[in-house]
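Only heavy atoms go into these numbers, but all of them, side chains included; no hydrogens, no water, no symmetry mates. If you read the sequence from its start, that first residue is 1, and numbering goes on from there.
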Amino acid sequence: MSRVPLRKALADLPPYVPGARVPVGAAAFKLSSNENPYPPLPSVVAAIADAAVDVNRYPDMYATELVEAIAASLGVAPESVVAGCGSVAVLGHVLTAVCEAGDEVVLPWRSFEAYPIAVTLAGAEGVRVPVGADGRLDLEAMAKAVTSRTRAVLVCTPNNPTGPAVRADELARFLASVPSDVLVVLDEAYVEFVRDEEAADGLAAFADNANVVLLRTFSKAYGLAGLRVGYAVARPRLAAGIRAASTPFGVSHVAQLAALASLRARDELLRRVGSIVTERSRMLDGLRRQGWTVPDSQANFVWLPLGDHATAFAERCTHAGVLVRPFAGDGVRVSVGEPEATDLLLEVTADWSRR
Ligand SMILES: *Cc1c(COP(=O)(O)O)cnc(C)c1O
């Protein structure tokens with residue numbers, strides 16, 4: 001009997017490894033998924049509860065009110081905003097909208113582990129360009145990797161998992177050298193955490209370049225990872241293509257109302273982001289004082305380039321009550337969360353350097 005074949009591309013697909021979860025009944029800090037450590041605001045919980053009574057109905061397919069609120073907050077046209085079920089899903093829709101089978105997509109590596117998966121599923125071929133030892137994207141090398149087969153370039157800024165943000169001058173040079181018919185995706189999942197004054201301004205790049213698409217999310221700074229809302233900002237023609245490639249009704253009514261309530265509470269939520277940024281500095285300073293060499297981080301996580309010791313170090317952290325995210329053979333990413341979690345981490349790192 002013959003079996004239903006699966007697409008050949010699936011055989012080589014790297015798995016998406018989720019960050020370790022806290023076992024039921026155990027006490028541990030979860031610093032493994034770059035989540036926001038703060039629970040939702042009461043106003044957001046109330047919006048979620050209000051939305052619950054309507055879940056027998058399909059949501060507004062285009063998330064009209066949310067899209068308008070996002071557009072107003074960014075100063076762009078509502079036609080330029082496409083909401084989706086998390087920005088990971090939106091990235092998939094972006095690539096589906098522009099890639100033909102066999103097209104190339106240039107991406108930094110190591111970077112967000114969803115990239116190779118999304119590229120492959122879109123039928124394209126990923127071309128990986130190494131990230132520097134300082135954790136920074138090598139935009140010059142990425143521009144050089146663009147060929148006549150390249151349909152898109154993924155720029156993760158700040159880069160997950162290494163942390164630095166792309167600088168404005170680097171991005172300007174890069175955009176000037178990439179052909180205008182190659183899509184440049186700026187993944188700004190952590191943009192609210194950026195404090196580097198030299199960091200690139202994605203919205204300005206979008207205003208100046210018709211081939212730039214921004215990806216943003218409510219999962220990190222806005223603390224709605226569990227509800228899955230993200231969006232793309234693109235010129236209206238591209239946005240229409242992304243919308244056409246999107247899963248219908250991809251953003252639930254509950255998620256739409258929670259995201260709207262979060263935009264209304266933006267000042268309060270951004271104050272929390274400020275506290276996380278302060279905690280990030282404390283984590284980076286503590287590590288550097290212990291002698292660790294860590295890249296600058298403009299996001300809500302810190303990268304420890306532990307190479308072959310990544311897995312062993314992560315196990316030590318688990319024993320100490322902090323769950324972190326190892327990338328075997330490469331390094332460990334630690335999300336910035338509660339101050340007590342930073343203290344525990346710094347105890348493990350101090351111990352580790354004394355070995
Ligand atoms: C977390 C993250 C996202 C956001 O994912 P959602 O699907 O919106 O939760 C996107 N890009 C990067 C680089 C991320 O780290």
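- Arg136 is listed as a side-chain neighbour of Arg167, based on a closest heavy-atom distance under 4.5 Å.
- With hydrogens and angles ignored, the 3.5 Å screen pairs a side-chain donor or acceptor of Gln256 with a backbone N or O of Asp60.
- Of the possible donor and acceptor atoms, one in the side chain of Thr157 sits under 3.5 Å from a partner among the backbone N and O of Val166.
- By the 4.0 Å N-to-carboxylate-O rule, Arg271 lies too far from Glu268 to be salt-bridged with it.
- The backbone N or O of Glu79 sits less than 3.5 Å from a side-chain atom of Arg243, completing a donor-acceptor pair.
- One finds a salt bridge joining Arg173 and Asp169 here, because a Lys/Arg side-chain nitrogen approaches an Asp/Glu carboxylate oxygen to under 4.0 Å.
- When side chains are defined from C-beta on, Arg325 does not count as touching Ser33, because their heavy atoms never get closer than 4.5 Å.
- Using a 4.5 Å cut-off on side-chain heavy atoms (C-beta onward), Pro164 and Asp134 make no contact.
- A salt bridge does not link Arg216 to Glu192: none of the charged side-chain nitrogens sits closer than 4.0 Å to a carboxylate oxygen.
- Without hydrogens or angle criteria, Ser335 side chain to Leu31 main chain gives a donor-acceptor distance under 3.5 Å.
- No side-chain donor-acceptor contact under 3.5 Å links Arg333 to the backbone of Val324.
- Electrostatic pairing of Arg151 and Glu104 does not count as a salt bridge here, judged by no charged N lying under 4.0 Å from a carboxylate O.
- Using a 4.5 Å heavy-atom threshold, the side chains of Leu287 and Thr293 count as separate.
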Distance-only criterion, 3.5 Å: show the donor-acceptor pairs between side-chain atoms of residues 303-315 and protein atoms not counting sequence neighbours.
none

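- The backbone N or O of Ala255 sits less than 3.5 Å from a side-chain atom of Ser252, completing a donor-acceptor pair.
- Distance alone, capped at 3.5 Å, places no donor-acceptor pair between the Arg316 side chain and the Trp352 backbone.
- For Arg280 (side chain) and Ala299 (main-chain N/O), a donor-acceptor pair under 3.5 Å exists by modelled atom type.
- Of the possible polar contacts, one joining the Asn211 side chain to the Val182 backbone as a donor-acceptor pair under 3.5 Å is found.
- Two different hydrophobic clusters hold Val67 and Val82 under the rule that ILVMFWY side chains link at heavy-atom gaps under 4.5 Å.
- Between the side chain of Asn300 and the backbone N or O of Asn34, at least one donor-acceptor pair lies under 3.5 Å.
- Take Val45 and apply the side-chain contact (heavy atoms from CB on, under 4.5 Å) test, not counting sequence neighbours, and it matches Pro40.
- Ring geometry for Tyr115 versus Phe112: interplanar angle over 60°, hence perpendicular rather than tilted (30 to 60°).
- The aromatic rings of Tyr190 and Phe301 lie perpendicular to each other, with more than 60° between the two planes, well past the 30° mark.
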